[in-house]
Amino acid sequence: MEASVIQPSFPVPKESSYFRDNPPPKPLDSHTKLAKVFVSYHLHSDRGVVLVTSGGTTVPLENQTVRFIDNFSAGTRGATSAEYFLEAGYAVIFLHRQFSLLPYSRHYSHSTNCFLDFMTEGQNGEVVVNPGYQQKMLGVLRKYNAARRENKLLILPFTTVTEYLWELREIATLMRPLGPKALFYLAAAVSDFFLPKDRISEHKIQSSENKEPMANGSSDAKTSGNAPPGQGKQLKIDLDPVPKFLKSLVDGWAPEGMIVSFKLETDPSLLVSKAQQALEKYSHHLVIGNLLSTRKYEVVFVAPGKEEHWIRVPVHRRIKSVTGARPDIKAMKDGQTTEQEWLRGE
Ligand code: PAZ
(Lines give C-alpha, C1' and ligand atoms only; values in the text may rest on other atoms or scores of the structure.)
Protein backbone atom coordinates (compact mmCIF):
# COMPACT_ATOMS: atom_id res chain seq x y z
CA MET A 1 0.00 0.00 0.00
CA GLU A 2 1.40 3.37 -0.94
CA ALA A 3 0.64 6.24 1.39
CA SER A 4 0.72 9.89 0.51
CA VAL A 5 -0.19 12.56 3.01
CA ILE A 6 -2.01 15.65 1.87
CA GLN A 7 -1.39 18.56 4.19
CA PRO A 8 -4.53 20.45 5.22
CA SER A 9 -5.26 23.92 3.93
CA PHE A 10 -8.22 24.83 6.18
CA PRO A 11 -8.14 26.80 9.43
CA VAL A 12 -6.79 25.27 12.63
CA PRO A 13 -9.72 24.11 14.81
CA LYS A 14 -10.19 25.84 18.14
CA GLU A 15 -9.30 24.11 21.37
CA SER A 16 -12.90 23.85 22.59
CA SER A 17 -14.12 22.13 19.45
CA TYR A 18 -11.16 19.77 19.60
CA PHE A 19 -12.19 18.56 23.03
CA ARG A 20 -15.87 18.49 22.06
CA ASP A 21 -15.23 16.40 18.95
CA ASN A 22 -12.51 14.09 20.24
CA PRO A 23 -13.66 12.23 23.34
CA PRO A 24 -11.43 11.78 26.41
CA PRO A 25 -9.45 8.60 26.98
CA LYS A 26 -11.04 5.97 29.22
CA PRO A 27 -8.42 6.24 31.98
CA LEU A 28 -8.68 10.03 32.20
CA ASP A 29 -10.90 9.92 35.30
CA SER A 30 -8.60 7.59 37.20
CA HIS A 31 -5.51 9.57 36.12
CA THR A 32 -7.18 12.78 37.23
CA LYS A 33 -7.90 11.31 40.67
CA LEU A 34 -4.29 10.20 41.05
CA ALA A 35 -2.95 13.57 39.92
CA LYS A 36 -5.31 15.42 42.25
CA VAL A 37 -4.12 13.45 45.28
CA PHE A 38 -0.50 13.92 44.20
CA VAL A 39 -0.81 17.68 43.73
CA SER A 40 -2.66 18.11 47.06
CA TYR A 41 0.07 16.13 48.80
CA HIS A 42 2.75 18.55 47.59
CA LEU A 43 0.65 21.72 47.58
CA HIS A 44 1.73 23.07 50.95
CA SER A 45 5.32 21.89 50.86
CA ASP A 46 8.24 24.01 49.63
CA ARG A 47 8.72 21.56 46.82
CA GLY A 48 8.13 22.46 43.20
CA VAL A 49 6.04 20.09 41.10
CA VAL A 50 7.08 19.46 37.52
CA LEU A 51 5.03 17.89 34.78
CA VAL A 52 7.49 16.12 32.49
CA THR A 53 6.00 14.97 29.20
CA SER A 54 7.93 12.33 27.32
CA GLY A 55 7.78 10.10 24.26
CA GLY A 56 5.95 10.43 20.97
CA THR A 57 2.21 10.62 20.37
CA THR A 58 0.43 8.43 17.85
CA VAL A 59 -2.24 9.36 15.32
CA PRO A 60 -4.43 6.31 14.78
CA LEU A 61 -5.65 5.72 11.24
CA GLU A 62 -8.43 3.39 12.37
CA ASN A 63 -10.65 3.38 15.43
CA GLN A 64 -9.83 -0.26 16.08
CA THR A 65 -6.22 0.68 15.50
CA VAL A 66 -4.00 -1.48 13.36
CA ARG A 67 -2.07 1.37 11.72
CA PHE A 68 -1.00 4.67 13.18
CA ILE A 69 1.39 7.52 12.47
CA ASP A 70 4.02 7.97 15.16
CA ASN A 71 6.22 10.80 16.32
CA PHE A 72 9.85 10.11 16.95
CA SER A 73 10.95 9.86 20.60
CA ALA A 74 12.31 7.05 22.72
CA GLY A 75 11.60 8.93 25.94
CA THR A 76 15.26 9.27 26.85
CA ARG A 77 15.17 13.02 27.36
CA GLY A 78 12.04 12.91 29.47
CA ALA A 79 12.98 9.91 31.62
CA THR A 80 16.51 11.17 32.24
CA SER A 81 15.34 14.69 33.03
CA ALA A 82 12.75 13.33 35.45
CA GLU A 83 15.53 11.68 37.44
CA TYR A 84 17.44 14.96 37.58
CA PHE A 85 14.33 16.86 38.68
CA LEU A 86 13.78 14.34 41.47
CA GLU A 87 17.38 14.70 42.58
CA ALA A 88 16.93 18.48 42.57
CA GLY A 89 14.01 18.10 45.01
CA TYR A 90 11.02 18.35 42.67
CA ALA A 91 7.99 16.11 42.73
CA VAL A 92 7.47 14.77 39.22
CA ILE A 93 4.36 13.89 37.26
CA PHE A 94 5.72 11.83 34.41
CA LEU A 95 3.26 11.85 31.51
CA HIS A 96 4.76 9.47 29.02
CA ARG A 97 4.01 7.43 25.94
CA GLN A 98 3.13 3.98 27.13
CA PHE A 99 6.11 1.57 26.92
CA SER A 100 8.64 4.33 26.32
CA LEU A 101 11.54 4.83 28.72
CA LEU A 102 10.77 5.45 32.39
CA PRO A 103 12.88 7.12 35.08
CA TYR A 104 15.18 4.60 36.78
CA SER A 105 14.01 1.52 34.89
CA ARG A 106 15.44 3.14 31.73
CA HIS A 107 18.89 1.99 32.88
CA TYR A 108 17.82 -1.60 32.34
CA SER A 109 15.01 -1.57 29.80
CA HIS A 110 15.19 -0.99 26.04
CA SER A 111 18.94 -1.70 26.10
CA THR A 112 20.83 -4.16 23.95
CA ASN A 113 20.98 -6.42 26.97
CA CYS A 114 18.11 -8.69 27.89
CA PHE A 115 17.17 -7.85 31.50
CA LEU A 116 18.17 -11.40 32.42
CA ASP A 117 21.75 -10.51 31.49
CA PHE A 118 21.80 -8.35 34.61
CA MET A 119 21.06 -11.45 36.75
CA THR A 120 23.00 -14.49 37.71
CA GLU A 121 22.38 -17.61 39.79
CA GLY A 122 23.54 -17.42 43.40
CA GLN A 123 25.15 -20.22 45.40
CA ASN A 124 21.84 -21.50 46.72
CA GLY A 125 19.98 -21.35 43.43
CA GLU A 126 18.60 -17.85 44.10
CA VAL A 127 18.58 -15.09 41.49
CA VAL A 128 21.08 -12.33 42.27
CA VAL A 129 22.30 -9.26 40.42
CA ASN A 130 25.42 -9.94 38.39
CA PRO A 131 28.42 -8.60 40.40
CA GLY A 132 29.39 -6.34 37.47
CA TYR A 133 26.12 -4.42 37.80
CA GLN A 134 25.69 -4.44 41.60
CA GLN A 135 27.15 -1.04 42.36
CA LYS A 136 25.30 0.94 39.73
CA MET A 137 22.03 -0.91 40.33
CA LEU A 138 22.22 -0.23 44.05
CA GLY A 139 22.57 3.49 43.34
CA VAL A 140 19.62 3.46 40.95
CA LEU A 141 17.52 1.36 43.34
CA ARG A 142 18.15 3.72 46.24
CA LYS A 143 17.10 6.75 44.23
CA TYR A 144 14.02 4.95 42.93
CA ASN A 145 13.00 3.83 46.42
CA ALA A 146 13.54 7.32 47.82
CA ALA A 147 11.27 8.81 45.13
CA ARG A 148 8.57 6.25 45.94
CA ARG A 149 8.92 6.54 49.70
CA GLU A 150 8.52 10.31 49.54
CA ASN A 151 5.64 10.04 47.07
CA LYS A 152 7.58 12.18 44.63
CA LEU A 153 6.91 10.35 41.38
CA LEU A 154 3.58 9.84 39.63
CA ILE A 155 3.73 7.95 36.34
CA LEU A 156 0.86 8.30 33.87
CA PRO A 157 0.74 6.92 30.31
CA PHE A 158 -0.75 8.15 27.03
CA THR A 159 -0.65 6.76 23.52
CA THR A 160 -2.50 8.96 21.04
CA VAL A 161 -2.20 12.71 20.50
CA THR A 162 -5.77 13.14 21.69
CA GLU A 163 -5.07 11.23 24.89
CA TYR A 164 -1.99 13.36 25.44
CA LEU A 165 -3.89 16.62 25.03
CA TRP A 166 -6.73 15.60 27.33
CA GLU A 167 -4.24 14.50 29.98
CA LEU A 168 -2.16 17.66 29.60
CA ARG A 169 -5.18 19.94 29.98
CA GLU A 170 -6.48 18.03 33.01
CA ILE A 171 -3.16 17.86 34.84
CA ALA A 172 -2.23 21.46 34.06
CA THR A 173 -5.58 22.64 35.41
CA LEU A 174 -5.07 20.58 38.57
CA MET A 175 -1.62 22.13 39.00
CA ARG A 176 -2.95 25.70 38.91
CA PRO A 177 -3.18 26.06 42.71
CA LEU A 178 0.59 25.45 42.81
CA GLY A 179 1.08 28.86 41.19
CA PRO A 180 4.74 29.56 40.41
CA LYS A 181 5.74 26.24 42.05
CA ALA A 182 4.44 24.50 38.92
CA LEU A 183 6.89 23.72 36.15
CA PHE A 184 6.00 22.29 32.76
CA TYR A 185 8.79 20.51 30.92
CA LEU A 186 7.33 19.47 27.61
CA ALA A 187 9.78 17.04 26.05
CA ALA A 188 7.14 14.83 24.39
CA ALA A 189 7.12 14.79 20.61
CA VAL A 190 3.55 15.75 19.82
CA SER A 191 2.01 15.34 16.41
CA ASP A 192 1.03 18.53 14.59
CA PHE A 193 -1.66 16.67 12.67
CA PHE A 194 -4.47 14.29 13.55
CA LEU A 195 -7.35 12.40 11.98
CA PRO A 196 -10.61 13.69 13.50
CA LYS A 197 -13.08 11.32 15.06
CA ASP A 198 -15.70 11.87 12.35
CA ARG A 199 -13.31 10.90 9.56
CA ILE A 200 -11.67 7.87 11.09
CA SER A 201 -12.73 4.44 9.85
CA GLU A 202 -13.88 1.96 12.45
CA HIS A 203 -12.12 -1.05 10.96
CA LYS A 204 -8.79 -1.76 9.39
CA ILE A 205 -8.35 0.15 6.13
CA GLN A 206 -8.40 -2.33 3.26
CA SER A 207 -5.68 -2.31 0.65
CA SER A 208 -7.47 -4.50 -1.88
CA GLU A 209 -9.47 -3.10 -4.80
CA ASN A 210 -12.83 -4.18 -3.27
CA LYS A 211 -15.13 -1.24 -2.84
CA GLU A 212 -16.68 -2.64 0.33
CA PRO A 213 -18.41 -0.09 2.52
CA MET A 214 -16.86 0.44 5.92
CA ALA A 215 -18.46 -0.91 9.06
CA ASN A 216 -19.80 2.50 9.99
CA GLY A 217 -21.76 2.50 6.77
CA SER A 218 -19.69 5.20 5.09
CA SER A 219 -17.62 4.71 2.00
CA ASP A 220 -13.88 4.72 2.45
CA ALA A 221 -13.46 7.70 0.16
CA LYS A 222 -11.49 9.61 2.83
CA THR A 223 -8.70 7.12 2.76
CA SER A 224 -8.83 5.68 -0.71
CA GLY A 225 -7.53 6.66 -4.09
CA ASN A 226 -7.12 5.34 -7.57
CA ALA A 227 -4.45 2.84 -8.39
CA PRO A 228 -3.04 1.38 -11.56
CA PRO A 229 -4.98 -1.76 -12.53
CA GLY A 230 -3.84 -4.89 -10.74
CA GLN A 231 -2.20 -3.00 -7.90
CA GLY A 232 -3.39 -2.25 -4.40
CA LYS A 233 -5.02 1.10 -3.97
CA GLN A 234 -3.16 4.11 -2.66
CA LEU A 235 -3.83 5.40 0.79
CA LYS A 236 -4.49 9.13 0.93
CA ILE A 237 -4.74 10.49 4.43
CA ASP A 238 -6.38 13.84 4.96
CA LEU A 239 -5.16 15.12 8.33
CA ASP A 240 -6.32 18.15 10.28
CA PRO A 241 -3.91 20.41 12.15
CA VAL A 242 -3.81 19.92 15.90
CA PRO A 243 -4.72 23.18 17.68
CA LYS A 244 -1.74 24.99 19.18
CA PHE A 245 -2.13 23.90 22.77
CA LEU A 246 0.92 25.69 24.04
CA LYS A 247 -1.09 28.89 23.74
CA SER A 248 -3.90 27.44 25.85
CA LEU A 249 -1.38 26.20 28.40
CA VAL A 250 0.36 29.54 28.73
CA ASP A 251 -2.76 31.72 28.75
CA GLY A 252 -5.39 29.56 30.35
CA TRP A 253 -4.46 26.27 31.93
CA ALA A 254 -1.26 27.26 33.72
CA PRO A 255 -0.93 31.05 33.69
CA GLU A 256 1.43 31.18 36.66
CA GLY A 257 3.56 28.14 35.93
CA MET A 258 6.96 28.13 34.31
CA ILE A 259 6.77 26.57 30.86
CA VAL A 260 9.66 24.97 29.03
CA SER A 261 9.01 23.52 25.60
CA PHE A 262 11.26 21.57 23.27
CA LYS A 263 11.75 22.03 19.55
CA LEU A 264 13.08 19.21 17.41
CA GLU A 265 14.35 19.92 13.91
CA THR A 266 16.43 18.11 11.34
CA ASP A 267 17.67 21.15 9.40
CA PRO A 268 20.33 22.98 11.48
CA SER A 269 19.63 26.27 9.70
CA LEU A 270 16.05 26.30 11.02
CA LEU A 271 16.53 25.31 14.64
CA VAL A 272 17.20 28.61 16.38
CA SER A 273 14.74 30.63 14.30
CA LYS A 274 11.98 28.08 14.88
CA ALA A 275 12.69 28.12 18.60
CA GLN A 276 12.56 31.94 18.59
CA GLN A 277 9.31 31.90 16.66
CA ALA A 278 7.76 29.53 19.19
CA LEU A 279 8.84 31.78 22.02
CA GLU A 280 7.38 34.87 20.34
CA LYS A 281 4.15 33.11 19.48
CA TYR A 282 3.43 31.56 22.86
CA SER A 283 5.28 33.94 25.21
CA HIS A 284 6.47 31.20 27.55
CA HIS A 285 9.75 30.98 29.40
CA LEU A 286 12.18 28.79 27.52
CA VAL A 287 12.49 26.75 24.34
CA ILE A 288 15.13 24.05 24.27
CA GLY A 289 16.07 23.27 20.71
CA ASN A 290 17.72 20.10 19.49
CA LEU A 291 18.55 18.41 16.23
CA LEU A 292 17.62 14.82 15.60
CA SER A 293 21.18 13.86 14.71
CA THR A 294 22.94 15.56 17.64
CA ARG A 295 20.26 15.63 20.34
CA LYS A 296 22.23 13.30 22.61
CA TYR A 297 25.03 15.77 23.11
CA GLU A 298 23.92 19.29 22.30
CA VAL A 299 20.92 21.50 22.89
CA VAL A 300 20.32 25.21 22.50
CA PHE A 301 18.48 27.32 25.09
CA VAL A 302 16.38 30.12 23.64
CA ALA A 303 14.85 32.44 26.24
CA PRO A 304 13.19 35.87 25.96
CA GLY A 305 15.64 38.75 25.77
CA LYS A 306 18.68 36.49 25.95
CA GLU A 307 21.32 35.33 23.52
CA GLU A 308 20.90 31.73 22.39
CA HIS A 309 22.95 29.46 24.62
CA TRP A 310 24.33 26.10 23.53
CA ILE A 311 25.01 23.33 26.02
CA ARG A 312 27.25 20.57 24.77
CA VAL A 313 28.51 17.30 26.23
CA PRO A 314 32.31 17.57 26.02
CA VAL A 315 33.80 15.63 23.16
CA HIS A 316 35.88 13.36 25.41
CA ARG A 317 32.71 12.15 27.11
CA ARG A 318 31.09 11.38 23.80
CA ILE A 319 34.14 9.49 22.57
CA LYS A 320 34.37 7.55 25.80
CA SER A 321 30.87 6.25 25.27
CA VAL A 322 31.42 5.30 21.68
CA THR A 323 34.73 3.59 22.22
CA GLY A 324 33.71 1.86 25.46
CA ALA A 325 35.30 -1.55 25.25
CA ARG A 326 32.25 -3.57 26.21
CA PRO A 327 29.03 -3.41 24.25
CA ASP A 328 26.83 -3.27 27.32
CA ILE A 329 25.18 -0.63 29.46
CA LYS A 330 28.30 -0.19 31.57
CA ALA A 331 29.77 1.66 28.63
CA MET A 332 26.92 4.14 28.59
CA LYS A 333 26.58 7.44 30.32
CA ASP A 334 23.50 8.97 31.90
CA GLY A 335 21.23 10.44 29.31
CA GLN A 336 22.28 8.16 26.52
CA THR A 337 20.42 5.13 25.36
CA THR A 338 22.20 2.30 23.65
CA GLU A 339 25.76 2.20 22.54
CA GLN A 340 24.57 1.22 19.09
CA GLU A 341 22.66 4.47 18.86
CA TRP A 342 25.83 6.32 19.69
CA LEU A 343 27.77 4.41 17.11
CA ARG A 344 25.13 5.23 14.54
CA GLY A 345 25.48 8.87 15.56
CA GLU A 346 21.80 9.02 16.58
O1 PAZ B 1 12.94 10.95 23.67
P2 PAZ B 1 14.25 11.21 22.98
O3 PAZ B 1 15.34 11.49 23.95
O4 PAZ B 1 14.57 10.13 22.00
O5 PAZ B 1 14.04 12.54 22.11
C6 PAZ B 1 13.74 13.72 22.78
C7 PAZ B 1 13.10 14.73 21.84
C8 PAZ B 1 14.04 14.99 20.67
C9 PAZ B 1 11.78 14.18 21.31
C10 PAZ B 1 12.85 16.02 22.66
O11 PAZ B 1 14.06 16.53 23.10
C12 PAZ B 1 12.13 17.08 21.82
O13 PAZ B 1 12.74 17.82 21.11
N14 PAZ B 1 10.80 17.16 21.92
C15 PAZ B 1 9.97 18.08 21.16
C16 PAZ B 1 9.73 17.50 19.80
C17 PAZ B 1 8.95 18.44 18.88
O18 PAZ B 1 9.50 19.43 18.37
O19 PAZ B 1 7.77 18.16 18.72
Side-chain angles (χ1 to χ4, degrees), residues 50-59 69-85 92 94-107 109-112 155 157-162 164-165 168 184-194 239 241-247 249 259-279 281-282 284-302 308 310-313 318 321 332-346:
V50 56
L51 173 67
V52 176
T53 72
S54 181
T57 63
T58 68
V59 175
I69 300 171
D70 209 346
N71 254 62
F72 168 85
S73 172
T76 318
R77 174 91 64 217
T80 309
S81 303
E83 289 180 18
Y84 280 96
F85 277 120
V92 175
F94 189 69
L95 181 62
H96 74 290
R97 163 75 175 278
Q98 190 174 36
F99 308 128
S100 65
L101 291 173
L102 293 174
Y104 305 116
S105 76
R106 76 180 170 96
H107 298 275
S109 64
H110 301 55
S111 79
T112 47
I155 296 181
F158 66 81
T159 302
T160 68
V161 62
T162 301
Y164 171 83
L165 293 172
L168 177 66
F184 295 84
Y185 184 85
L186 309 173
V190 182
S191 176
D192 289 326
F193 302 102
F194 78 112
L239 298 172
V242 169
K244 297 297 179 195
F245 284 90
L246 205 42
K247 191 88 204 131
L249 185 68
I259 298 174
V260 178
S261 72
F262 278 79
K263 172 71 62 195
L264 176 67
E265 291 296 338
T266 53
D267 180 347
S269 70
L270 289 181
L271 183 62
V272 172
S273 61
K274 291 294 289 266
Q276 281 162 344
Q277 277 167 29
L279 209 57
K281 199 161 170 189
Y282 306 116
H284 57 304
H285 302 88
L286 175 65
V287 179
I288 304 180
N290 51 179
L291 291 167
L292 185 66
S293 56
T294 58
R295 71 191 187 285
K296 300 277 180 188
Y297 53 84
E298 62 177 15
V299 293
V300 59
F301 277 34
V302 179
E308 70 198 57
W310 286 89
I311 298 181
R312 294 189 167 94
V313 175
R318 295 180 221 165
S321 298
M332 294 178 228
K333 289 278 188 198
D334 278 355
Q336 299 156 15
T337 51
T338 68
E339 182 160 341
Q340 279 159 343
E341 276 186 323
W342 270 92
L343 289 168
R344 286 200 302 265
E346 289 176 8

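As a basis for the values below, the full set of heavy atoms in this structure was taken, side chains included, without hydrogen atoms, waters or symmetry mates. Atoms within a ligand are numbered from 1 in the order they appear, just like the ligands themselves.
- For ligand 1 and K263, the ligand atoms under 4.0 Å from any heavy atom of the residue are 13 (O), 18 (O).
- Of the listed options A74, A187, A79, A187 places a heavy atom closest to atom 14 (N) of ligand 1.
- Of the polar atoms of G75, at least one N or O is found under 3.5 Å from an N or O of ligand 1, judged by distance alone.
- Of the possible donor and acceptor atoms, one in the side chain of T57 sits under 3.5 Å from a partner among the backbone N and O of S191.
- Only the backbone of A188 comes within contact range of ligand 1, with a heavy atom under 4.0 Å; no side-chain atom does.
- The protein non-hydrogen atom at the shortest distance from atom 8 (C) of ligand 1 is N290 OD1, 3.5 Å.
- Residue T76 has at least one nitrogen or oxygen atom sitting less than 3.5 Å from a nitrogen or oxygen atom of ligand 1, judged on distance alone.
- The single protein non-hydrogen atom nearest to atom 12 (C) of ligand 1 is F262 CB, 3.5 Å, given as residue, atom name and distance.
- Summary of contacts: the protein heavy atom closest to atom 16 (C) of ligand 1 is L264 CB, 3.6 Å.
- Under 3.5 Å, the side chains of Y282 and S261 contain no donor-acceptor pair of N or O atoms.
- Side-chain N/O atoms of R97 and N71 include no donor and acceptor closer than 3.5 Å.
- Closest to atom 6 (C) of ligand 1, if we only count protein heavy atoms, is R77 CB, 3.7 Å.
- Judged by distance alone, the side chain of H285 and the main-chain N or O of I259 form a donor-acceptor pair under 3.5 Å.
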